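Notes for the one structure printed next.
Not measured: the values here are computed from a predicted model.
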Amino acid sequence: MDPMGVMLRWIDRWVDVARLEGDDLRMARAIVGMAISIAPWAPIIGGSVMLLGERVAGGAIVLTGVICLALPPLVYRTGRIGLAAHLLVFGLVQGLVVSGTLLGGAGSPPTSWLALAPVVATATGGVRAGSIWTGLVIASALFIHAVQWAGYVENPYLYGGWEYVGTISCVGLYFLVGVFLRANDMLYRHLLARTRDAEERERLANQAKSGFLASMSHEIRTPLNAILGYTELVLEDAEERGETGMVEDLGRVGRSGRHLLELVNDILDLSKIEAGRMEVAVEPVALEPLLRAVAEEVQPLVDARENRMELDLVPVTVTADPARLRQCVLNLLSNAAKFTEGGDILVRLSRDGSHARLEVRDTGIGMDADELRHVFEPFAQGTADTARKYGGTGLGMSIAQKLVELMGGALTVESRKGHGSTFSIRLPTVG
């Protein structure tokens, strides 16, 4: 059992994590965590002081615990982080000031502990609260000294005439703590601003790159389609004239052109997705006939690798873009056939509550843990040997996952090296 994890879960019971976010959520957790940490000690220390005859000082320390106990419900019910932070520090300071005054004055241990107040204020209320309480703590130290100077401290702690030195030391300590916290906050905000600026520049650069790729891919695809079209016309003429050698050469040109067109289409899709320009037209789609049509299209590739493909389908209608969903399924089945030789491919469709679950399971080469971590990254192709043997750009899985997510679904994978892979698509159903 992780004690820190248990404590954090307990703290979150008193924090409205659904309503708070960012710095407010962090400070709310800090308030509740510190209140919980301080509250048990207050009655222990306060009770001990009372037993020693200092009832007022002990009562002030117990009051600190009472205030701390009231803070978690205050944070949870009202969400007033600033008020809760100031109450927490007030409870701490009043207990230390009263006990410090009555238990030895400027040189007493409680007076030294006042240095903690600006730190707690900054952690729970921000740098402005830390600055306010730095001033208040300095004023509190001067107040304790004034009470001692006026002769109301019966048994001064240690100093015996050196009260001025003790007070100046404490005030200097509190001031330096405040300056440190302020400087630390300024450095943090400066680094945060630089990080956000770098992230924004990276986002804009990535967006510009994606826009450029989308534009260039479109410009490449237009003349490439024309080349493929003219190649088909010339190929038909060559077949009619019986020019066998020319037919073979033109066939190679056509296959290479279609492969290049697929690569360009993949780059265009990926760049559109990254630029936020990919649109999907979601509508009800009967998934079973779509899967049978794609399986029929992939069958020649399955047969070429001497694989066996089995379909286990049930009628189900999902909300998806039919063209993009077909693209994703075609990618999964083509990969299963490509990476499996003399094995089995199972396409299973089932209902999973309000979602449909499509599984494409193969008995192919599979993936190890490192390959699984990168399988959905653009241009990921497994090991170098795998890339050389099977080819491809490594864009298919990345595009498929992003398209499925755009359609409101999820694409996941399970795999073991040498034991095959299972890709699963979950999509919301209709009705």
Side-chain angles (χ1 to χ4, degrees), residues 251 255 258-259 262-263 265-266 285-318 320 322-352 355-372 374-376 380-401 403-404 407 409-427 429:
R255 287 191 296 274
R258 284 189 292 273
H259 179 62
E262 290 176 2
L263 300 183
N265 285 336
D266 283 346
V285 178
L287 197 48
E288 182 185 7
L290 184 146
L291 293 176
R292 293 190 184 279
V294 175
E296 185 176 345
E297 183 178 345
V298 177
Q299 191 64 51
L301 180 57
V302 174
D303 295 337
R305 306 284 293 178
E306 298 182 351
N307 294 315
R308 296 166 297 280
M309 182 164 58
E310 178 185 351
L311 304 182
D312 180 10
L313 310 178
V314 297
V316 61
T317 302
V318 299
R324 295 302 181 184
L325 179 56
R326 183 183 179 282
Q327 177 182 352
C328 296
V329 174
L330 180 61
N331 197 298
L332 295 183
L333 291 181
S334 299
N335 274 2
K338 181 169 71 171
F339 293 109
T340 306
E341 186 169 4
D344 298 305
I345 300 171
L346 172 63
V347 182
R348 174 173 292 161
L349 177 61
S350 59
R351 280 186 173 273
D352 183 10
H355 287 74
R357 183 180 183 88
L358 166 63
E359 292 182 350
V360 177
R361 183 178 302 170
D362 64 64
T363 57
I365 61 174
M367 292 175 282
D368 58 27
D370 185 62
E371 290 173 306
L372 274 176
H374 303 288
V375 66
F376 293 119
Q381 293 180 280
T383 64
D385 290 340
T386 301
R388 282 194 298 270
K389 181 177 180 180
Y390 295 98
T393 62
L395 291 175
M397 286 296 100
S398 175
I399 293 171
Q401 185 188 51
L403 288 176
V404 170
M407 292 184 286
L411 172 59
T412 57
V413 60
E414 297 177 1
S415 185
R416 286 177 58 199
K417 194 71 174 179
H419 292 79
S421 304
T422 300
F423 286 86
S424 301
I425 295 178
R426 291 184 79 248
L427 287 169
T429 58

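Judged as a salt bridge (Lys or Arg N to Asp or Glu O under 4.0 Å), and not counting sequence neighbours, the contacts of Asp370 are Arg373. For Gln401, the side chain to side chain donor-acceptor pair (under 3.5 Å) criterion is met by no residue, not counting sequence neighbours. Qualifying side chain to side chain donor-acceptor pair (under 3.5 Å) partners for Ser334, counting only residues two or more places apart in sequence or in other chains: none. Residues forming a side chain to side chain contact (heavy atoms under 4.5 Å, CB included) with Pro289 (at least two apart in sequence, or on another chain): Ala286. Residues forming a salt bridge (Lys or Arg N to Asp or Glu O under 4.0 Å) with Arg292 (at least two apart in sequence, or on another chain): Glu288. Partners of Leu372 according to the side chain to side chain contact (heavy atoms under 4.5 Å, CB included) rule, which considers only residues two or more places apart in sequence or in another chain, are Met367, Val413, Ser415. Arg426 is linked by a side chain to side chain contact (heavy atoms under 4.5 Å, CB included) to Asp352, His355, Arg357, counting only residues two or more places apart in sequence or in another chain. Every residue meeting the salt bridge (Lys or Arg N to Asp or Glu O under 4.0 Å) condition with Glu297, not counting sequence neighbours, appears here in chain and number order: Arg326. Partners of Ala337 under the side chain to side chain contact (heavy atoms under 4.5 Å, CB included) rule, at least two apart in sequence or in another chain, are Val298, Leu301, Val302, Ile345.
Atom-to-atom distance recorded for Gln327:CD and Leu403:CG is 5.5 Å, nearest 0.5 angstrom. In this structure, the separation between CZ on Arg361 and CZ on Arg348 is 5.5 Å, given to the nearest 0.5 Å.
A pairwise comparison of heavy atoms in Ala320 and Val285 identifies O-CG2, 3.5 Å as the closest pair. Across Met397 and Leu332, no two heavy atoms sit closer than the pair CE-CD2, 3.4 Å. Of all heavy-atom pairs spanning Glu306 and Arg308, the tightest one is O-NH1, 4.2 Å. Nearest heavy atoms, Val404 versus Cys328: CG2-SG, 4.0 Å. Closest heavy-atom contact between Gly366 and Ser421: CA-OG, 3.6 Å. Shown here for Leu349 and Ala356, the closest heavy-atom pair between the two residues is CD1-CB, 4.4 Å.
Atom CD of Glu414 sits in a sparse spot, with 12 or fewer heavy atoms from other residues, nucleotides or ligands closer than 6.0 Å. Other residues, nucleotides and ligands contribute only 12 or fewer heavy atoms inside 6.0 Å of the CZ atom of Arg416.
Listed for the Asp362 side chain is no donor-acceptor partner under 3.5 Å among the backbone atoms of Gly420. Between the side chain of Thr363 and the main chain of Asp344, a donor-acceptor pair closer than 3.5 Å is present.
Side-chain contact between Leu358 and Val347: present, with at least one pair of heavy atoms (C-beta onward) separated by less than 4.5 Å. Side-chain contact between Leu325 and Leu287 is present, with heavy atoms from C-beta onward closer than 4.5 Å. Side-chain contact check for Asn331 versus Ile399: every heavy-atom pair is 4.5 Å or farther apart. In this structure the side chain of Phe423 never reaches within 4.5 angstrom of the side chain of Asn335, judged on heavy atoms.
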